[in-house]
Amino acid sequence: MNPSYDEAEQVLKLPNSYFDRGFKRGKEEGREEGIEIGVEKGREEGREEERKELLQTIPIAIKMLLAGMELQLIVEKTGLSQTEVEKIKQQLETKQDKY
């Protein structure tokens, strides 16, 4: 009993369809992984940029505090939170108490 040409053709296509499904699945998983990596890298770069900005802003806040400026004005002009400015102020007061 010989299989017909159409049956043989279908059998030959089966491995290709499995391959195609596997390839598509792998491609989708790779794309998802790439997106996840890109998002994480973006977050890391954002945190690094925020840290750099903070390091640039703290000396300005210190100068403003030493000049006797009000906390609210320092918060508005530097973008630091009130809590951050208060911590800087406390550290300055602690240092001045030591000297």
Side-chain angles (χ1 to χ4, degrees):
M1 181 172 183
N2 287 334
S4 71
Y5 180 77
D6 289 333
E7 290 173 342
E9 192 72 25
Q10 287 178 356
V11 169
L12 288 174
K13 287 181 181 179
L14 282 177
N16 290 334
S17 67
Y18 291 133
F19 173 79
D20 289 342
R21 280 189 264 165
F23 180 77
K24 286 178 185 178
R25 183 175 172 202
K27 191 174 177 182
E28 288 171 9
E29 289 175 2
R31 184 177 297 123
E32 288 172 9
E33 186 177 339
I35 290 170
E36 289 174 13
I37 290 169
V39 167
E40 184 57 34
K41 184 175 181 182
R43 284 185 185 136
E44 289 173 11
E45 288 175 2
R47 285 189 290 263
E48 180 64 25
E49 186 66 29
E50 186 177 316
R51 188 176 85 55
K52 285 179 183 178
E53 288 176 11
L54 185 63
L55 290 175
Q56 292 174 351
T57 307
I58 290 173
I60 295 168
I62 290 171
K63 289 177 184 176
M64 294 173 84
L65 285 166
L66 292 173
M69 297 178 125
E70 292 184 26
L71 286 177
Q72 190 57 39
L73 180 63
I74 297 170
V75 168
E76 290 173 14
K77 298 299 178 187
T78 62
L80 295 171
S81 70
Q82 184 162 344
T83 304
E84 290 169 326
V85 175
E86 288 171 352
K87 285 181 184 179
I88 294 168
K89 183 178 180 181
Q90 287 175 344
Q91 289 176 350
L92 285 174
E93 290 171 350
T94 303
K95 282 186 177 182
Q96 287 177 352
D97 290 341
K98 289 183 178 181
Y99 299 110

Mind listing the side-chain donor-acceptor pairs of residues 48-66 below 3.5 Å, one per line with the distance, residues two or more places apart or on another chain?
{"from": "Thr57", "atom 1": "OG1", "to": "Glu53", "atom 2": "O", "distance (Å)": "2.6"}

Contact check, side chains of Ile74 and Ile88, non-hydrogen atoms, under 4.5 Å: no
Partners meeting side chain to side chain donor-acceptor pair (under 3.5 Å) with Glu36 (sequence neighbours left out): none
Pairing residues for Glu29 by the side chain to side chain contact (heavy atoms under 4.5 Å, CB included) criterion, not counting sequence neighbours: Arg25
OG1 on Thr78 to CE on Met69, rounded to 0.5 Å: 11.0 Å
Short side-chain to backbone donor-acceptor contact, Glu84 and Ser81, under 3.5 Å: yes
By side chain to side chain donor-acceptor pair (under 3.5 Å) - contacts of Thr83 (at least two apart): none
CA sep, side-chain torsions, deciding dist, call: Glu40, Arg47, salt bridge (charged side-chain N to carboxylate O under 4.0 Å, His left out): CA-CA 11 Å; Glu40 184 57 34; Arg47 285 189 290 263; 3.2 Å; yes
Listed partners of Arg43 passing side chain to side chain donor-acceptor pair (under 3.5 Å), at least two apart: none
Residues in side chain to side chain donor-acceptor pair (under 3.5 Å) contact with Gln72, at least two apart in sequence or another chain: none
Neighbour count above 12 (heavy atom, 6.0 Å) for Glu44 CD: yes
Passing option when Glu86 is tested against Lys89, Gln82, Gln90 for side chain to side chain donor-acceptor pair (under 3.5 Å): Gln82
